[in-house]
Amino acid sequence: MTYKTRFKFLVLALAGCFTLSAPASVFASDISLPKYSKDAQLAAFHSAADLDLIGDDAYDDDPLTEILSINEVDVWGRIRSGFAIADLDNPLVENHMNYFARRPDYFQRTTQRGSKYLFHIVQELEKRNMPTELALLPFIESAYNPHARSIAKAEGLWQFIPSTGRHYDLAQNAFKDERRDIISSTEAALTYLQRLHDMFGDWQLALASYNWGEGSVMRAIKKAERAGKPITFNSISAYMPAETRNYVPKLQAVKNLITNPRRYGIDLPPVENQPYFVTIGKTRDIDVKVAARLAEMSLDDFRALNSQFGPYVIAGGNEVKILLPKENAEKFRKNLSLWTRPLSSWTAYQVTSPREKVEDIAARLNISPDVIRQANNIPSRSVLKFGSAILVPKTAGYDRDIAPELVENAKLAWERDLPATRLVTVPVRKPARLASIAKRYRVSVAELKSWNKINGDTVKKGTILKVHVPYRSAAATTRARTKAIRAADVRTSRNTMVSRVKVVMDAKNTASTKKGLVKSKNSRTARATLSKKTKSVKNQVSAQQTKTRKTAAKNRKKA
């Protein structure tokens with residue numbers, strides 16, 4: 001058999017094992033699929049030999065052996081082979097390379113954390129024919145931590161802010177946040193990056209836009225065009241904030257270190273060229289702790305793959321999927337079939353009144369209010385608004401699973417628990433009718449009579465009335481004070497203008513000036529009149545001073 005024929009057969013024999021067509025994740029029903037590893041490839045190779053399709057004349061330089069070695073690369077090799085973004089020549093690249101090279105422990109710890117997700121990300125990039133450098137972007141964004149949260153409220157591996165996440169259909173509600181979902185957020189991030197590349201036609205500008213926003217990059221490009229500069233990352237970086245100016249150089253630095261880690265004393269963790277996780281479906285609500293126990297995983301390892309869910313329960317319909325390593329998925333199915341206790345100890349309560357206290361809900365369900373506050377991160381001295389959905393422990397009379405439609409639309413809104421009114425005292429300085437006082441404080445006459453035990457409709461001078469006025473929050477009080485200050489400033493400005501006009505009137509003291517000012521009904525006319533009259537007065541004063549100086553000079557000559 002010729003080498004060419006044997007080569008074609010080997011390609012067919014290994015087609016099921018080649019990683020370039022392996023799915024990023026498989027369903028629980030498929031968890032018996034063979035691993036994509038060297039052993040599987042060699043098994044296929046030996047099966048061909050058993051069929052006597054390979055003779056005994058195989059040598060070490062046989063091209064079949066070469067083909068095997070080419071496809072035994074790990075995920076790092078796949079990433080290197082897919083690099084397609086032009087290298088950035090920027091002095092900041094060297095700075096970041098030195099920074100990471102001086103911290104090999106941090107670099108290894110971060111890449112080890114990312115090893116759970118790299119196969120899936122690379123697989124999705126290859127499906128879209130996108131540069132595999134982008135698989136390193138979460139190194140910069142989140143250090144491959146799906147629970148990462150920025151001060152701008154960006155979440156997940158790819159650091160989506162709430163508005164961008166919603167734009168790319170990443171659900172965010174009281175029970176889950178898909179910005180932390182490994183599969184959903186990766187799909188959204190790659191779609192977003194593709195859109196940015198289509199917009200700018202340049203991956204480096206697309207990456208800058210991912211960090212800074214496409215509108216900001218567009219404005220920087222226009223500034224560069226007006227200055228006659230070329231439209232490249234380096235040329236417009238002068239118009240960028242420091243974070244974006246370092247963003248693309250930092251990714252280039254990581255790319256360089258991945259390309260040649262030994263040169264910089266970095267040991268990359270091995271990442272097998274096969275799916276790290278599989279997906280399994282659920283039919284009932286299940287506590288996060290129970291799911292981790294059934295999968296025989298630590299809680300941290302379980303949440304690293306399922307960070308989109310809250311820390312207590314995985315709720316929703318049959319479409320909700322759980323990610324597990326393949327061997328743990330098998331354990332999960334086995335242990336689940338033997339589990340006899342309840343899967344979930346939590347349910348949901350939805351607020352149906354305008355303002356509801358946690359203490360009232362707890363008393364109704366016969367549970368501790370502290371448990372509710374802790375499970376839902378509700379601060380003390382606050383009330384829940386209408387429509388809010390919260391987690392509560394299941395009780396004997398309240399133990400149903402959470403409705404899937406509630407999970408999809410769940411929201412949690414609360415406000416400070418402030419008293420409805422506050423007591424103020426009003427001294428009466430002259431005899432007055434209760435109706436006028438009640439109107440001033442927006443209360444009823446009957447309430448004034450009740451609070452102060454008054455029978456008549458009038459009050460005498462010196463009476464101290466008690467009035468319960470609506471309570472205003474500190475923010476409302478601040479807004480009222482600001483409004484009052486601005487009104488006072490306007491009044492002061494108007495009074496000052498009037499005073500200046502009065503000075504001019506007194507200086508001229510003519511009926512025509514008074515008549516002109518009275519007719520000046522708007523401020524612009526008044527200012528114009530004021531300006532003319534002021535100039536006239538100044539000219540008169542200047543002429544009088546000149547006349548006085550001349551008279552004094554004449555007198556000195558005579559003397």
Output the distance between atom NZ (Lys321) and atom CG (Asp181), rounded to the nearest 0.5 Å. 12.5 Å

Does a side-chain heavy-atom distance below 4.5 Å link Arg195 with Glu214? yes

Interatomic spacing from OG in Ser185 to CD1 in Ile121 - rounded to 0.5 Å: 8.0 Å

According to the interplanar angle, ranging from 0 to 90°, do the rings of Trp346 and Tyr312 count as parallel (below 30°), tilted (30 to 60°) or perpendicular (above 60°)? tilted

Without swapping roles, check the side chain of Lys282 against the backbone of Gly316 for a donor-acceptor pair under 3.5 Å. yes

Would you mind checking if Asp287 and Lys289 are paired as a salt bridge, meaning a charged N to carboxylate O distance below 4.0 Å? no

Does the side chain of Asp202 come under 3.5 Å of the side chain of His197 through a donor N or O and an acceptor N or O? no

Rounded distance [0.5 Å steps], NZ in Lys250 versus CG in Leu88: 14.0 Å

Non-hydrogen atoms of Thr132 and Gly82 that approach each other most closely: OG1-C, 2.8 Å

In sequence, state the C-alpha distance, the side-chain angles, and the governing distance for Ile390 and Val392, and then conclude on side chain to side chain contact (heavy atoms under 4.5 Å, CB included). CA-CA 6 Å; Ile390 59 172; Val392 295; 4.0 Å; yes

Side-chain heavy atoms of Glu178 within contact of Lys176, under 4.5 Å: yes

Taking atom types as modelled and ignoring hydrogens, do the side chains of Asn90 and Asn234 form a donor-acceptor contact shorter than 3.5 angstrom? yes

With a cut-off of under 6.0 Å to the ring centre and 45° to the axis, is Arg78 in cation-pi contact with Trp76? no

Phe107 vs Phe139, test: ring-ring contact (aromatic ring centres under 6.0 Å, His included). Steps then yes/no. CA-CA 9 Å; Phe107 200 92; Phe139 188 109; 5.0 Å; yes

Do Pro146 and Tyr117 come within less than 4.5 Å of each other through their side chains, counting heavy atoms only? yes

Can any side-chain N or O of Arg180 pair as donor or acceptor with the backbone N or O of Ser307 at less than 3.5 Å? yes

Might you point out which heavy atoms bring Leu343 and Asp285 nearest each other, and give the distance in Å? CB-O, 3.5 Å

Report yes if the side chains of Gln172 and Pro162 come closer than 4.5 Å at any heavy-atom pair, otherwise no. yes

So, the side chain of Arg245 versus the backbone of Met240: is there a donor-acceptor pair under 3.5 Å, distance only? yes

When rounded to the nearest 0.5 Å, the distance separating OG of Ser380 from CD1 of Ile378 is 11.0 Å

Do other residues, nucleotides or ligands put more than 12 heavy atoms under 6.0 Å from Arg102 CZ? yes

Closest non-hydrogen atom pair, Tyr168 against Ala188: CB-CB, 3.8 Å

Does the pair Leu92 and Val248 meet the rule for a side chain to side chain contact (heavy atoms under 4.5 Å, CB included), with working shown? CA-CA 9 Å; Leu92 292 174; Val248 180; over 6 Å; no

Might you point out which heavy atoms bring Tyr239 and Ser235 nearest each other, and give the distance in Å? CE1-O, 4.1 Å

Okay, side chain of Gln350, backbone of Ala389: is any donor-acceptor separation there less than 3.5 Å? no

Between Asn145 and Arg113, is there a side-chain donor-acceptor contact under 3.5 Å, judged purely by atom types and distance? no

Atom OG1 in Thr186, atom CG in Leu134: separation rounded to 0.5 Å? 11.5 Å

Of the non-hydrogen atoms in Thr279 and Leu323, which two are nearest, and what is the gap between them? CG2-CD2, 3.1 Å

Sidechain-backbone polar pair: Asp74 side chain, Asn273 backbone, donor-acceptor under 3.5 Å: no

Asn328 and Glu296: side chain donor to acceptor below 3.5 Å: no

Assign the ring pair Phe160 / Tyr210 to parallel, tilted or perpendicular, where the plane angle (0 to 90°) is split at 30° and 60°. perpendicular

In this structure, are over 12 heavy atoms from other groups packed under 6.0 Å from Glu359 atom CD? yes

Answer yes or no: is there an ion pair linking Lys127 with Glu124, defined by an N-O contact shorter than 4.0 Å? yes

Check the angle between the aromatic planes of His120 and Phe277 and answer parallel, tilted or perpendicular using the 30° and 60° thresholds. tilted

For the residue pair Lys255 and Asp87, establish whether any side-chain heavy-atom pair is separated by less than 4.5 Å. yes

Trace of the salt bridge (Lys or Arg N to Asp or Glu O under 4.0 Å) decision for Arg373 with Asp370: CA-CA 5 Å; Arg373 292 191 186 281; Asp370 292 336; 5.1 Å; no

From Ile161 CD1 over to His167 NE2, what is the distance, rounded to the nearest 0.5 angstrom? 11.5 Å

Can you confirm whether the side chains of Gln194 and Asp198 place a donor and an acceptor under 3.5 Å from each other? no

Sidechain-backbone polar pair: Thr110 side chain, Tyr106 backbone, donor-acceptor under 3.5 Å: yes

Side chains of Glu356 and Val383: closer than 4.5 Å at any heavy-atom pair? no

Decide if atom CZ of Arg293 counts as having more than 12 heavy atoms of other residues, nucleotides or ligands within a radius under 6.0 Å. no

Do Lys411 and Asn173 make a side-chain contact, defined as non-hydrogen atoms from C-beta onward lying under 4.5 Å apart? no

Between Phe200 and Phe233 (judged by ring centroids, cut-off 6.0 Å), do the two rings come close enough to count as a pair? no

From CA spacing to verdict: side chain to side chain contact (heavy atoms under 4.5 Å, CB included), Leu205, Ile221: CA-CA 10 Å; Leu205 295 180; Ile221 288 175; 4.3 Å; yes

Show, in sequence, the C-alpha distance, side-chain angles and deciding distance for Leu193 and Trp203, and conclude whether the side chain to side chain contact (heavy atoms under 4.5 Å, CB included) test is met. CA-CA 9 Å; Leu193 286 165; Trp203 277 113; 4.2 Å; yes

Answer with yes or no whether the side chains of Ser142 and Trp158 bring together a donor and an acceptor at under 3.5 Å. no

Assess Lys116 against Tyr144: is NZ or CZ under 6.0 Å from the centre of the six-membered ring, and within 45 degrees of the ring's axis? no

Would you indicate whether the side-chain heavy atoms of Gln108 and Leu268 approach each other to under 4.5 Å? no

Tyr247 and Gln204 side chains, donor-acceptor separation under 3.5 Å: no

Is it true that atom CG of Asn377 has more than 12 heavy atoms of other residues, nucleotides or ligands lying nearer than 6.0 Å? no

At their closest point, which heavy atom of Ile258 faces which heavy atom of Pro261, and how far apart are they? O-CD, 3.3 Å

Main-chain N/O of Lys385 paired with Ser388 side-chain donor or acceptor, under 3.5 Å: yes

Regarding Thr191 and Arg128, do their side chains bring together a donor and an acceptor under 3.5 Å, going by distance alone? yes

Asp301 and Ser298: side-chain donor and acceptor closer than 3.5 Å? yes

Counting heavy atoms not belonging to Asn129, are there more than 12 under 6.0 Å from its CG? no

